[in-house]
Amino acid sequence: MKLTLYNSLTRRKELFEPQNPARITLYNCGPTVYSHAHIGNARAAVVVDVLFRVLRHIYGGDHVVYVRNITDVDDKIIAAATEQGMPISGITEKYARIYNEDLAALNCLPPTHQPRATDHISHMIGMIGTLLDKGFAYEADGHVFFDVSTYDDYGKLSGNRLENLRSGDRIGEGEAARKRNEADFVLWKPELGGVGWDAPFGRGRPGWHIECSAMVRATLGEVIDIHCGGVDLKFPHHENEIAQSCCANNRTTFARFWVHNEFLNMDSGKMSKSLGNVIPIRDLLGDWDGEVIRLALLKAHYRSELIWTEDLLRESKAQLDGWYRVIEKAVSLGMDRDMRDARPDEKFISTIENDINTMEFLSGLECLKTRFFGEVEKKERLGEHTPGHEIFISILNPFVFMAGFLGFLRSDPQEWFKGGRDTDRFDRRVRDYDNARAQAVAAKKSGNEAKTGELFRRSDTIREELQSEGIIIETGPDGSSWRQT
RNA sequence: GGCACCAUGGCGGAGUGGUGACGCAGCGGACUGCAAAUCCGCGUACCCCGGUUCGAUUCCGGGUGGUGCCUCCA
């Protein structure tokens, strides 16, 4: 059980050793809740979810503290509230709820804590006060800025050197003129649209970065084990978090490991609102099972760009169908009760412990699937229709555990293959199909060729009719059943 | 201008100094009236040029091509 992670801070893979094995601290930058989360947000969440599961497996479920915040104070939220004529809290409550529902549908485990920025304003004010007292920040007309020239390590995470940073073109209104250095960033700014809190340095609201520093310290401590987020957050957000936290806490380290996931893009290019190719998770969930979306998100290494296409989803669905056939077959062989005792196979888990290599893990899973059907087929060819205990122990058991470990195979196979379709009607048509076939076989035996052909044609007609409705008939030794495509 | 990253079969995508995972699609065969599912088998894939080496897709150098960040963004 040796977890290695690529640490963005050092730019290489490192063996992960927690500060305290009884309390692993994991922080993930959560969403700003002003609209629906999109599939790119989902990727970031699913990647951390897998890391969370791996950590829980190694150190025990009670020893990993996973914090994913909700940012519920932000200019975009104020704008959305104004636009929709809703109170701020109405907007934030609504989209925070939807975010959590969407991630639950993707089978992401809930974080241990989900702090809200507005519940930590006092912590932010305290931290800003400390930075001012220590001379790392300065006030200017109701604003408080962090002075990057006071922090020597500024730029270490992103690899940027202060002198190479281009000045931003889209900093907040009136901020540029008040800054001492172009790269200084705002910690506190004046009230906007009635959104503000009283503070020693004037009534106002927090800048973007301070909330994470405050929430991390309040919920996890001054030095945490792992901090996650999308690559785009590396600079400036995470860089600024490090600067604030280290200076306020008088520490040289803020997060020991930085884990950044790459972007998810559309085949038409970068996902962006101006291109109109942003896909909300919610929309996808209307067309695809959450497990299909989850698998699609895990079909590339988290540090590689993932191109999101319809084909990727189709492929993921096909792959999951294969896994559910394993369960379906096992159930039909009477192995369902056994599967509850599924246990881990450390050999497989070690593949994912190598910097969250989900691909190699899935490869192992597929090999188990192939072995399962191979062994079952071998037995059946020998006329044995009861599976051996060894198939259960060495194949099915690890297969079920591994799939569950990654957050798959939650559904019943019946439910998976039939979904919400019109069960009674299709059951009836499949019975008609089987009757016609049985009669055709009987007619064939009695040598009535004309009747044989006619009955087979009748059964074929039923099959084609169902096919046009997206239903496929599968015929086994005990009669036929159906599934949706 | 600065800083990173990537280049594998039809597609997606791991990995390794020495018989090139895995998935999807495809092909051949078994089974089957047909179909589906399953099983068995198949495909001479590692951007180019040098170097190191007995041997490189894997290491080093150069080139070409692509991407990201430096500005709100997962």
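All heavy atoms count here, side chains included; hydrogens, waters and symmetry mates do not. Convention: sequence-line order gives letters A, B, ...; per-chain numbering from 1.
Among the nucleotides B/A74, B/G23, B/G15, the one closest to the side chain of A/Glu315 is B/G23. In the set B/A36, B/A74, B/G13, the nucleotide with an atom closest to the side chain of A/Glu474 is B/A36. Side-chain proximity of A/Met359 to B/A14, B/C69, B/A35: nearest is B/A14. Relative to the side chain of A/Thr370, the nucleotides B/A4, B/A37, B/C39 differ in distance, and B/C39 lies closest. For A/Arg381, the listed nucleotide lying nearest its side chain is B/C39; candidates were B/G33, B/C39, B/C69. In this structure, of B/A21, B/A4, B/A14, it is B/A4 that holds the atom nearest to the side chain of A/Arg11. Of the candidate nucleotides B/G33, B/C70, B/A36, B/C70 has the atom nearest to the side chain of A/Phe235. Side-chain proximity of A/Phe456 to the nucleotides B/U38, B/G33, B/A4 is greatest for B/G33. Across B/G33, B/A37, B/A74, the shortest atom-to-atom separation from the side chain of A/Ser459 is found for B/G33. Listed nucleotides B/G33, B/A14, B/A36 differ in distance to A/Asp460; the shortest reach to its side chain belongs to B/G33.
Here the P atom of nucleotide B/A14 and the CZ atom of A/Arg303 are 10 Å apart, to the nearest Å. A/Tyr324 places its OH atom 17 Å from the C1' atom of B/G23, with the value rounded to the nearest Å. Atom-to-atom, CG of A/Asn7 to P of B/A4 comes out at 16 Å; the value is rounded to the nearest Å. Here B/G68 presents its P atom at 15 Å from CG of A/Leu306, a figure rounded to the nearest Å.
Of the options A/Glu377, A/Glu380, A/Glu375, a salt bridge (charged side-chain N to carboxylate O under 4.0 Å, His left out) to A/Lys329 is made by A/Glu380 and by none of the others. For the pairing with A/Arg205, the salt bridge (charged side-chain N to carboxylate O under 4.0 Å, His left out) check across A/Asp74, A/Asp72, A/Asp75 returns one residue only, A/Asp75.
If you take atom P in B/G26 and the same atom in B/C11, they sit 15 Å apart, rounded to whole Å. Comparing B/G66 with B/A25, their C1' atoms sit 26 Å apart, to the nearest whole Å. Separating the C1' atom of B/G2 from that of B/U16 is a span of 34 Å, rounded to the nearest Å. The C1' atoms of B/G29 and B/C22 are separated by 23 Å, rounded to the nearest whole Å. Across the C1' atoms, B/G43 and B/G28 are found 12 Å apart, a figure rounded to whole Å. Nucleotides B/A37 and B/C27 have their P atoms positioned 13 Å apart, rounded to a whole Å. B/C47 and B/A7 are spaced 8 Å apart, taking the P atom of each and rounding to whole Å. Using atom C1' as the reference point in both B/C49 and B/G15, the two lie 25 Å apart (nearest Å).
For A/Asn160 and B/C69, the shortest distance from a side-chain N or O to OP1 or OP2 is not below 4.0 Å. Between A/Arg325 and B/U38 there is a side-chain N or O to OP1 or OP2 distance below 4.0 Å. Using a 4.0 Å cut-off, some side-chain N or O of A/Ser304 falls inside it from OP1 or OP2 of B/A14.
Of all nucleotides present, none satisfies the Watson-Crick or G-U wobble test against B/U71 with each distance under 3.5 Å. Pairing for B/A7 is with B/U64, a Watson-Crick or G-U wobble pair whose two hydrogen-bonding atom distances lie under 3.5 Å. Within the shown strands, nothing qualifies as a pairing partner of B/U52 under the Watson-Crick or G-U definition with both distances less than 3.5 Å. When both distances must be under 3.5 Å, the Watson-Crick or G-U wobble mate of B/U44 does not exist. Pairing for B/A30 goes to B/U38, judged as Watson-Crick or G-U wobble with the two contacts each under 3.5 Å.
Counting atom types as modelled, A/Asp232 pairs no side-chain N or O with a base atom of B/G68 as donor and acceptor under 3.5 Å. Between the side chain of A/Thr475 and the base of B/A35, at least one donor-acceptor pair of N or O atoms lies under 3.5 Å. With hydrogens and angles ignored, no donor-acceptor pair under 3.5 angstrom links the side chain of A/Glu366 to the base of B/G23.
Mapped onto RNA chain B by nearest heavy atom, A/Ala44 and A/His301 fall at different nucleotides, with A/His301 at the one closer to the 5' end. Nearest-nucleotide positions on RNA chain B for A/Ser363 and A/Asp311 put A/Asp311 closer to the 5' end.
The main-chain N or O of A/Tyr433 is never found under 3.5 Å from a side-chain atom of A/Arg458 such that the two would form a donor-acceptor pair. A/Asn357 contributes a side-chain N or O that, together with a main-chain N or O of A/Glu360, makes up a donor-acceptor pair within less than 3.5 Å.
Residue A/Leu233 is in sugar-phosphate contact alone, with no base atom involved, counting any heavy-atom pair closer than 4.0 Å across all strands shown. Counting non-hydrogen atoms under 4.0 angstrom, A/Arg483 reaches the backbone sugars and phosphates but no base. Counting non-hydrogen atoms under 4.0 angstrom, A/Tyr433 reaches a base of the nucleic acid. Among the atoms of the strands shown, base atoms are found under 4.0 Å from some heavy atom of A/Gly40. Among the atoms of the strands shown, only primed sugar atoms or phosphate atoms (P, OP1, OP2) are found under 4.0 Å from some heavy atom of A/Lys76. When heavy atoms are screened at a 4.0 angstrom cut-off, A/Ile307 is found touching no nucleic acid atom at all. Within 4.0 Å (heavy atoms only), A/His237 reaches no atom of the nucleic acid at all.
Using cut-offs of 30° and 60° on the angle between ring planes, the pair A/His143 and A/Phe145 is parallel.
Heavy atoms from other residues, nucleotides or ligands lying under 6.0 Å from NZ of A/Lys379 number more than 12.
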Decide yes or no on side-chain hydrogen bond (donor to acceptor under 3.5 Å, both in side chains) for A/Glu366 and A/Trp323, but give the supporting numbers first.
CA-CA 8 Å; A/Glu366 291 295 340; A/Trp323 300 354; 2.7 Å; yes
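Between A/Asp434 and A/Ser480, the side chains place a donor N or O and an acceptor N or O closer than 3.5 Å (distance only, hydrogens not considered).
Aromatic pair A/His260/A/His238: ring centres closer than 6.0 Å.
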